[in-house]
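Side-chain atoms are counted along with the backbone in the values below, which use heavy atoms only and exclude waters and symmetry mates. The chain is numbered in sequence order, starting from 1.
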Amino acid sequence: MTPSAIRKALGLTKGTEVYFEVKDNEIRIKKRLTVLDWSDLIKQYPVEDVDIDENGHYDSKKSPDFHDWMVNG
């Protein structure tokens, strides 16, 4: 593969930072995540106010997304 074909395949543009991982006889080129990439990832997570008492208990009905995350990961 040519360098331009690699850039195109990875969606790299001028100024995009990459890093290399070397394992055994293999080299991987990965795009370094930007602040915008992280922001887009974080948008996927629900936001809830969760009241946790002094014993570590919360109301699963008031915080269903948090409860689902606690139970199912």
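- Atoms CD and NE2, on Glu48 and His67 in that order, are 11.0 Å from each other to the nearest 0.5 Å.
- The CZ atom of Arg32 sits 12.0 Å away from the CG atom of Asp37 when rounded to the nearest 0.5 Å.
- Proximity of Leu10 to Lys31: side-chain heavy atoms (C-beta onward) are nowhere separated by under 4.5 Å.
- Placement of Met1 and Leu12 within a single hydrophobic cluster is found when ILVMFWY residues are connected by side-chain heavy-atom separations under 4.5 Å, directly or transitively.
- Using a distance-only test at 3.5 Å, with no hydrogens or angles considered, no donor-acceptor pair links the side chain of Asp68 to the main chain of Asp65.
- Counting non-hydrogen atoms of other residues, nucleotides and ligands closer than 6.0 Å to CG of Asp53 gives a total above 12.
- Relative ring orientation between Phe66 and Tyr58 is described as perpendicular, the plane-to-plane angle rising above 60° on a 0-90° scale split at 30° and 60°.
- With hydrophobic clusters built from ILVMFWY side chains whose heavy atoms lie under 4.5 angstrom apart, Val22 shares a cluster with Ile29.
- Cluster membership check: Val18 does not share its hydrophobic cluster with Leu33, using side-chain heavy-atom separations under 4.5 Å among Ile, Leu, Val, Met, Phe, Trp and Tyr.
- Separating the OG1 atom in Thr2 from the CZ atom in Arg7 is a distance of 7.5 Å, to the nearest 0.5 Å.
- Here Glu21 pairs with Lys30 under the salt bridge (charged side-chain N to carboxylate O under 4.0 Å, His left out) rule; sequence neighbours left out.
- Other residues, nucleotides and ligands contribute over 12 non-hydrogen atoms within 6.0 Å of the CG atom of Leu41.
- Around atom CG of Asn72, more than 12 heavy atoms belonging to other residues, nucleotides or ligands sit under 6.0 Å away.
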